[in-house]
Amino acid sequence: MTTETRTRTEELTINMGPQHPSTHGVLRLVLTVDGERVVEVVPHIGYLHSSMEKIAEHLTYQQYLPYADRYDYLNAMGNELAYVMAVEKLLGIQPTPRCQYIRVMMAEMNRIASHLVYFGTLGNDVGAISVFLYCFREREALLDLFEAVSGQRMLYHYFRIGGLRNDLPDDFCDGLAQFLDYFPSRIDEYDRLLTKNRIFRSRMEGVGYLSPEDALSFGVTGPCVRGSGVDYDIRRADAYYIYPQLEFDVPVFAEGDAMARHLVRQEEMRQSVRILQQCVEKLPRGEVNVKVPRRIKPDPGETYARVESPRGELGCYLISDGTEKPYRLHWRAPSFHNMQAYPVMCKDAWIADMVAILGSIDIVLADIDR
Amino acid sequence: MTRGRQRLEPTFANLLLIVLEGAWSIVVGLSVTFINFWRKKVTDRYPHRDPNRNWQPRPGYRGDFALITDKETGKLRCIACQQCQKICPDQCILVVPEGKGKERHPTEFYIDAGLCMYCWLCVEVCPADAITMTPDYETATDNPRKLIRDLDYLRGGVVKASG
Ligand code: SF4
Ligand code: SF4
């Protein structure tokens, strides 16, 4: 007599988060799994919602500026940049050349600092803890520079409408040049320690594939879309401020997996160093502030300003009704759009890969929820 | 479907490759760790600090509040114009004015440092250059009421020559 033994399998729904160490904030993922394979991922967002857009309607244009720091806190200077660009567009003013240089420098320094956090946390997620410590040591040098210019280490509130809070301190350029001297060799170290590591590569190569078509249809931008082989960078597409005068490459990798996105970021740090070196060299003298009225009342109208943040296209949409307060403000948050592609990337991945894939998108939850 | 790079197939040859390459990666990685082992220490002990490494914030750090006392007159510079109260996005400043013209001064001045987001707008807006932020960053307390700075607390701050 033969007994037929068949294992009955069924799909299982499990919860990951909201308090999960590798979700980089509070994110809840509802997974449907078949054994160790992921069948479906449904991200539940909104735990960090802080009504950043509604707050703007109750504050004047100047008063809202410190809030702009606070939602994508790893890229505070970049957020300020998008916001002041939008307001300056409404007012029709152009910042001075020196101010443009300093703003670009700050944005690029913040890009390096943000990518360093990405490197560290990704290393942490996949089990390489020492990278985290080294990255934060390098970031510390940048934060010290930020502290010297703005008086704060994280939420700078350094840009002002029409200019900056103050000019750079005297020793700033020396400090930055010093950092730029040794930093590329540190990137090589991360390269040896993490990127070239066989174990790390086995976890990153071939997982989380995102096709260029999917990337474009989800509105994915930044390193994620460049990791899928789409050559799109707002610094070049829009050529705002002084970027056309600077020489830099936009790294593009066509593989579309987590490793490609990782390599884009690593290369971007090198390019940011190049940009900063040119800025330090070319930094013109002169005024940093243009005169703006004490009460800022743009004419009624709407505008959209966008910058390339470390995570992608960061846009600020503003409607003015002619009063001191914005009628409506909307943030086009890059993490929000990149997150939409996450279920596609996770299709048929192993559960263990999900953390690596999530790390490779480099989300900031406060940016998603705003 | 065209998919970029594929994962390595778990064949024997590939597994051998992963093991050997993985072992080599560990050697390379440890060499990086070894270099860093000899680098300068960047961390500080806190709060039991090393007296030789007395870390201080940079000048211009936005920490605790102070009202500036004029050196010559010995009085607070504040003219109780309430501009700071108006600009504060968090509405955490309260100034109660008294007197007219040159005599105008605050009788009460409250800043709720627990609500404040240290944005510097109040300092920037002040026409008399009367309020400032000191580099004092150790303001943590177990009682939120202690975070409400009153006139006595703020007066203890900075003395500056006029001009
Ligand atoms: S601190 Fe300055 S802004 Fe505030 S009430 Fe006094 S003078 Fe006016
Ligand atoms: S620093 Fe900003 S939040 Fe704090 S009291 Fe001054 S204006 Fe208000």
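Chain identifiers are assigned alphabetically (A, B, ...) following the order of the sequence lines, protein sequences preceding nucleic acid strands; residue numbering begins at 1 within each chain. FYI, side chains are in, hydrogens and waters are out, and symmetry mates aren't considered; it's all heavy atoms of this structure.
Contact of A:Leu155 with chain B is made through the backbone alone, with heavy-atom distances under 4.5 Å. With a 4.5 angstrom heavy-atom cutoff, B:Pro135 does not touch chain A via any of its atoms. Proximity to chain B (any heavy atom under 4.5 Å) is restricted, for A:Asp353, to the side chain, taken from C-beta onward. Both the backbone and the side chain of A:Asp144 come within less than 4.5 Å of a heavy atom in chain B. Contact annotation for B:Lys86: only backbone heavy atoms (N, CA, C, O) come within less than 4.5 Å of a heavy atom of chain A.
No side-chain heavy atom of B:Ile26 sits less than 4.5 Å from a side-chain heavy atom of A:Arg198. For the pair A:Glu189/B:Ile35, a side-chain contact is recorded, criterion being any heavy-atom separation below 4.5 Å from C-beta on. In this structure, B:Met117 and A:Tyr67 have side chains that are in contact, with non-hydrogen atoms separated by less than 4.5 Å.
In this structure, A:His157 NE2 and B:Leu121 CG are separated by 4.5 Å, a value rounded to the nearest 0.5 Å. Rounding to the nearest 0.5 angstrom, the gap separating the CH2 atom in B:Trp120 from the CG atom in A:Leu65 is 15.5 Å. Distance check, rounded to the nearest 0.5 Å: OH of B:Tyr61 to OG of A:Ser150 gives 10.0 Å. Atom SG of B:Cys119 and atom CD of A:Gln63 lie 8.5 Å apart (nearest 0.5 Å).
Per-residue heavy-atom pair counts under 4.5 Å with chain B were compared for A:Arg153, A:Met259, A:Arg70, and the maximum is reached by A:Arg70. Heavy-atom pairs under 4.5 Å with chain B were tallied for A:Tyr190, A:Tyr64, A:Tyr134; the largest tally goes to A:Tyr134. Annotation: maximal heavy-atom pairing with chain B below 4.5 Å, among A:Arg160, A:Lys196, A:Arg201, occurs at A:Arg160. The most heavy-atom pairs under 4.5 Å with chain A, out of B:Leu30, B:Val125, B:Asn36, come from B:Asn36.
Residue A:Glu57 places its CD atom among more than 12 non-hydrogen atoms of other residues, nucleotides or ligands, all under 6.0 Å distant. The local environment of CD in A:Gln178 is sparse, with at most 12 non-hydrogen atoms from other residues, nucleotides or ligands closer than 6.0 Å. Within 6.0 Å of atom CZ in A:Arg295, 12 or fewer heavy atoms from other residues, nucleotides or ligands are found, so the atom counts as exposed in its surroundings. In the displayed structure, A:Tyr182 atom OH is contacted under 6.0 Å by more than 12 heavy atoms of other residues, nucleotides or ligands.
Within the 3.5 Å criterion, the main-chain N or O of B:Arg62 finds a donor-acceptor partner in the side chain of A:Gln152.
Closest heavy-atom contact between A:Arg165 and B:Glu124: CG-OE2, 3.9 Å.
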